[in-house]
Amino acid sequence: MTDQARRVARFRELHRPGTPLLIPNPWDAGSARLLASLGFEALATTSSGFALTLGRLDGSVTRDEAIAHAAQIVAATDLPVSADLENGFAEDPAGVAETAREAVRAGLAGFSVEDFSGAAGIYDRQHAAERVAAAVEVAHAADGRLVVTARAENYLHDRPDLHDTIARLQAYQEAGADVLYAPGPTLTQDIEAIVTSVDRPVNVLALPGAPSVAELARLGVSRISVGGAFAFAAFQALATAATELRDEGTYGFTDAAGAGARAAREAFGQPPA
C-alpha cells in the first residue's frame, strides 16, 4: 500500500457518525505540524486561511497556488489531508475533473468541491451534481479512492434554504460524494434534519452559536471543521500584539510569545531552550 493509499484508508475510517472527527484547518506547514503534535488525526486546508498568508482575501487563490499549498501541507506531517479546492477552480465538469487529477498528484487523502462560483453564484442543482460526479470519477479511480466532500454553499451566500440545501446534498450523494457538507447552519434542528436526510457522513462547520462537539456527536455528525477560524484567530493575536506595542509601548504580548515558542519547540522536535 502506498503512503497516499494508507492515508486515504485512514481518512475514511475516521468518519464515524456519532464520533465526529475534529479536523482543524492549518494555513502553513508550521501550523500543520503544531496541530499534528496536539493529537489531531487529520487536517484540512482552508482557502481563506491560505489566502491570508498571501495577503489576499478568500476567493483570490489560483488552482496552481492551491494545489502547491496542499502538497506542502501533505508533506508537513504523516496525517491524512483534505484540501479546500473551492469550486474546483472551474465552471464545467471537465475543469473540475482536471483539478481532481491535480489533487491526486498532490498526495491528498481527499478534497472538497463547492457549488458556488463568484462569477456564476450558486450553480443549478443538476449542473452542480454533474460537477461532483466528475470529481468523484477521478478521485475514486485513484490509489485508495480519495474522499470527495461535496459542499452546498447556500447558507454562506444569503440563501438559508434548508429544503434546497438538503435536496442538493442528496443529489451530491447520488453523484457519488463520500462526505456531505453544508457550511452555515447552526440550529440543532436544521443540522439534525441534514444528517437524517442523507446516508453519507456529514461535516459541520464550527460557528458561533453552533451546538457543542458533544451535541453534534449526539446528532450523528461525522466531522467538524473550523474553516479559516484558527488562521483568523492567529491574525487577531498579531494585530493585538502590534497594537499594544504601537499604542502602549509595552510588551505584554511576550507572555503569549513565550508560550508559543515552547509549543513550536515541542511540535518541531527541538529541545527546550
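Residue numbers count from 1 along this sequence. We use all heavy atoms of the structure for the numbers below, so side chains are in, but hydrogens, waters and symmetry mates are not. Since this is a predicted model, take the numbers as computed values, not measurements.
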Show the numbers, then the answer: is there a salt bridge (Lys or Arg N to Asp or Glu O under 4.0 Å) between Arg105 and Glu98? CA-CA 11 Å; Arg105 287 191 280 267; Glu98 179 55 35; 3.4 Å; yes
Say whether, by atom type as modelled, one donor and one acceptor occur between the side chain of [X] and the main chain of [Y] under 3.5 angstrom.
X	Y	result
Ser48	Asp58	no
Asp84	Thr45	no
Ser117	Ala119	yes
Thr254	Ala257	no

Would you sort out whether Glu86 and Arg63 count as a salt bridge (Lys or Arg N to Asp or Glu O under 4.0 Å), showing the intermediate values? CA-CA 9 Å; Glu86 303 188 42; Arg63 178 171 67 185; over 6 Å; no
Just by distance, no angles: are the side chains of [X] and [Y] close enough, under 3.5 Å, to form a donor-acceptor pair?
X	Y	value
Tyr172	Arg168	yes
Asp115	Asn87	no
Tyr123	Glu114	no
Glu192	Thr188	no
Thr99	Glu102	no

Got a sec, which pairs hit side-chain hydrogen bond (donor to acceptor under 3.5 Å, both in side chains) with one end in residues 195-206, sequence neighbours left out? Asn203-Arg223, Asn203-Ser225
Same apolar cluster (I L V M F W Y, side chains within < 4.5 Å links), Leu108/Trp27: yes
Do Phe116 and Tyr155 belong together in a cluster built from hydrophobic side chains that touch within less than 4.5 Å? no
Salt bridge between Arg131 and Asp92, side-chain N to carboxylate O under 4.0 Å? no
Run the salt-bridge test on Glu174 and Arg125 with the 4.0 Å N-O cut-off and return the result as yes or no. no
When Ile224, Leu216, Leu219, Val195 are each screened for side chain to side chain contact (heavy atoms under 4.5 Å, CB included) with Val202, the one that passes is Val195
